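A short write-up of the structure that comes next.
Just so it is clear, the structure is predicted and the values come from calculations on it, not from any experiment. Hydrogens, waters and symmetry mates play no part in the numbers below; they use all other heavy atoms, side chains included.
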Amino acid sequence: MKWSTSLRMMLCTVLAASMIAVGFGSDRVDVAEAASDHYKFDFGAGAVANGYTGVSASTAYTAARGYGFNTPGNMKNVSASGSGVASDAVQFLKFGTKSDNTFNVDLPNGLYEVKVTLGNTARASVAAEGVYQIMNMTGNGATDQFQIPVTDGQLNLLVTEGKAGTAFTLSALEIRKLSNQPVTNRTIYIGGDSTVCNYYPLGSSVQGGWGQLLPTYVNNTTFQVRNMATSGQIARGFRDDGQMEAILKYIKPGDYFILQLGINDTNAKNNTTEAQFKEIMRDMVRQAKNKGATVILSTPQGRATDFNSANVHQAENRWYNASTRALAQEEGVTLVDLNKLSSAYFTSIGPAATLALYMNGDSLHPNRQGASQLARIVAADLKRQGLNGF
């Protein structure tokens with residue numbers, strides 16, 4: 001087809017106008033052309049990193065733009081101590097998993113991997129679609145990622161409280177499409193406390209929870225691991241304060257749910273009797289079973305100092321363990337008796353080597369090496385019991 005000179009000039013003018021419209025579609029003019037399956041956003045008022053779309057606190061969502069803050073009046077540009085995308089951030093002044101103060105991105109329905117980079121913050125969680133996605137990220141510039149199905153054409157995400165009184169900030173967001181099917185890959189969900197939860201940076205933290213290190217012992221082509229454990233958690237809190245809600249939103253047949261609690265429940269300040277603990281745990285077990293998931297109960301390991309005079313490690317009667325063991329039998333679910341299994345391992349290596357697996361001056365919380373050993377024990381026992389993926 002042969003076009004006239006005037007028609008060619010008109011088309012060039014239209015294309016130029018559309019490029020200008022794209023370039024100035026946000027408050028920050030450096031806008032990257034996102035591939036249809038890959039989106040990268042750099043938040044804050046500073047320079048935009050190469051390959052990213054710049055988003056300031058005042059960038060309001062519009063359908064024409066396809067991204068932006070739902071209520072930009074509740075956002076604030078802040079500096080951050082990192083480099084590149086982590087050199088600045090936005091702060092969420094209104095927060096909570098049900099808050100409408102979200103960053104919205106229009107996306108074709110499907111399964112996505114979302115990577116977040118926080119700004120300067122002591123402790124913050126990430127929520128999307130009204131539920132928690134990542135729990136208690138700590139340290140400036142912390143990064144983590146999660147899978148999420150999009151079923152309504154839009155992702156709605158915010159950074160929310162991990163610790164009252166701290167700033168909840170976001171430096172960068174990367175979204176990558178994994179599948180046209182809006183269903184998560186097979187998932188191992190984990191509930192627990194400070195001996196189980198993630199510590200940041202995930203790949204190099206000195207302290208570790210065994211849930212953080214479990215992916216090392218999982219067949220990652222079969223399962224992803226979603227660790228929803230948090231420090232200081234009790235059974236009632238895990239069930240009622242949003243973590244169990246998040247798991248129940250996505251858990252499905254073929255998924256596993258590993259639940260280990262009891263350490264903090266036994267603390268008098270938490271006002272939870274053993275009978276109450278058992279029934280709250282039973283409720284969570286049944287809710288997950290009703291979703292078709294495979295439920296696994298785990299007992300917590302003991303303290304590093306639980307050795308008797310014969311140098312035998314024994315912590316069987318700690319942490320409401322008897323009720324966890326009984327509940328597994330009553331509900332017909334798998335039990336990983338990590339308490340007994342870890343005691344056998346600690347006895348085999350002796351008191352000094354056991355103490356070296358815990359944080360300095362702390363007989364309860366494992367360091368990274370200790371968490372790795374506990375994760376290895378959990379995975380080996382699940383494999384012994386015939387659960388695939390380990």
Side-chain angles (χ1 to χ4, degrees), residues 113-116 133-139 142-147 176 178 184-231 233 243 247 251 254-261 293-302 304 334-346 348-349 353-359 362 364-390:
E113 181 181 80
V114 177
K115 180 181 178 181
V116 296
Q133 301 292 337
I134 304 173
M135 304 304 303
N136 287 3
M137 297 173 68
T138 55
T143 62
D144 204 346
Q145 61 191 38
F146 60 93
Q147 283 185 12
R176 183 170 62 92
L178 300 178
T184 54
N185 295 342
R186 290 188 70 185
T187 304
I188 300 171
Y189 293 95
I190 305 174
D193 53 37
S194 57
T195 65
V196 184
C197 69
N198 288 346
Y199 294 87
Y200 294 83
L202 290 173
S204 60
S205 61
V206 175
Q207 188 168 352
W210 66 253
Q212 174 184 350
L213 278 297
L214 188 66
T216 307
Y217 302 97
V218 170
N219 182 340
N220 299 124
T221 61
T222 303
F223 283 101
Q224 62 157 337
V225 176
R226 292 290 294 275
N227 189 5
M228 301 299 289
T230 52
S231 179
Q233 192 54 281
Q243 287 148 284
I247 291 170
I251 200 167
D255 291 346
Y256 298 162
F257 175 39
I258 308 176
L259 182 60
Q260 178 186 296
L261 289 161
T294 297
V295 179
I296 300 153
L297 290 177
S298 174
T299 55
Q301 92 283 351
T334 300
L335 173 70
V336 173
D337 204 340
L338 182 59
N339 184 273
K340 291 182 179 179
L341 293 169
S342 60
S343 282
Y345 173 68
F346 295 154
S348 73
I349 63 175
T354 296
L355 196 61
L357 297 177
Y358 284 73
M359 296 295 290
D362 185 342
L364 177 61
H365 296 100
N367 56 28
R368 190 177 188 87
Q369 184 183 359
S372 180
Q373 290 299 327
L374 293 172
R376 176 188 60 79
I377 292 169
V378 170
D381 196 55
L382 290 172
K383 183 176 182 179
R384 178 189 64 81
Q385 297 190 63
L387 278 74
N388 64 8
F390 300 96

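Of the inter-residue distances, the one linking Leu382 atom CG with Ile377 atom CD1 reads 12.0 Å to the nearest 0.5 angstrom. Atoms CG and CG, on Asp381 and Asp337 in that order, are 8.5 Å from each other to the nearest 0.5 Å. For the atom pair OG of Ser298 and CG of Leu259, the computed distance is 9.0 Å after rounding to the nearest 0.5 Å. Separating the CG atom in Leu341 from the CD atom in Gln301 is a distance of 12.0 Å, to the nearest 0.5 Å. Annotation: the span from Gln373 atom CD to Ser342 atom OG amounts to 11.5 Å, rounded to 0.5 Å. To the nearest 0.5 angstrom, Tyr189 atom OH is 13.0 Å from Thr294 atom OG1.
Remark: side-chain polar atoms of Asn367 are paired, donor with acceptor, to backbone N or O of Ala356 under 3.5 angstrom. Between the side chain of Gln243 and the backbone N or O of Met228 there is at least one donor-acceptor pair closer than 3.5 Å. Looking at Ser348, its side chain does come within 3.5 Å of a backbone N or O of Tyr345 through a donor-acceptor pair. Side chain of Asp255 to backbone of Thr187: a donor-acceptor contact under 3.5 angstrom is found. Between the side chain of Arg368 and the backbone N or O of Gly203, at least one donor-acceptor pair lies under 3.5 Å. Of the possible donor and acceptor atoms, one in the side chain of Ser343 sits under 3.5 Å from a partner among the backbone N and O of Asn339. Under the 3.5 Å distance criterion, the side-chain polar atoms of Thr195 are left unmatched by any main-chain donor or acceptor of Gly209. Using a distance-only test at 3.5 Å, with no hydrogens or angles considered, no donor-acceptor pair links the side chain of Gln260 to the main chain of Ile190. Checked by atom type and distance alone, the side chain of Gln207 never pairs as donor or acceptor with a backbone atom of Tyr199 at under 3.5 Å.
Taking all atoms of both residues into account, the shortest heavy-atom contact from Cys197 to Ser231 is SG-N, 4.0 Å. For the pair Thr184 and Gln224, the tightest heavy-atom approach, listed with the atom from each and the gap, is CB-NE2, 4.0 Å. For Gln212 against Asn227, the heavy-atom pair with the smallest separation is N-ND2, 3.4 Å. Closest non-hydrogen pair, Asn198 versus Gly211, comes out as OD1-C, 4.3 Å. In terms of heavy atoms, Ile134 sits closest to Phe146 at CD1-CD2, 3.6 Å.
Side chains of Pro366 and Leu374 form a contact here, defined as non-hydrogen atoms less than 4.5 Å apart. The side-chain heavy atoms of Val378 and Ile296, taken from C-beta on, include no pair separated by under 4.5 Å.
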Subject >> side-chain contact (heavy atoms from CB on, under 4.5 Å) between Val196 and Ile258, intermediate numbers included >> reply: CA-CA 11 Å; Val196 184; Ile258 308 176; over 6 Å; no

**OP:** Determine, step by step, whether Val206 and Met359 satisfy the side-chain contact (heavy atoms from CB on, under 4.5 Å) criterion, reporting the C-alpha distance in whole Å, the side-chain angles of both residues, the deciding distance to 0.1 Å, and the verdict.
**Re:** CA-CA 8 Å; Val206 175; Met359 296 295 290; 4.1 Å; yes

Subject >> Stepwise side chain to side chain donor-acceptor pair (under 3.5 Å) test for Thr222 and Arg186 >> reply: CA-CA 7 Å; Thr222 303; Arg186 290 188 70 185; over 6 Å; no

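Counting only N and O atoms by type, the side chains of Asn388 and Tyr256 include a donor and acceptor under 3.5 Å apart.
Of the options Asn136, Asp144, Thr138, a side-chain hydrogen bond (donor to acceptor under 3.5 Å, both in side chains) to Tyr200 is made by Asp144 and by none of the others.
Remark: Ala375 engages Trp210, Leu213, Leu214, Tyr217 in a side-chain contact (heavy atoms from CB on, under 4.5 Å) (not counting sequence neighbours). Every salt bridge (Lys or Arg N to Asp or Glu O under 4.0 Å) that Arg176 has, sequence neighbours left out, goes to Glu113.
The aromatic rings of Phe390 and Phe223 sit parallel, their planes meeting at an angle under 30°, below the 60° perpendicular limit.
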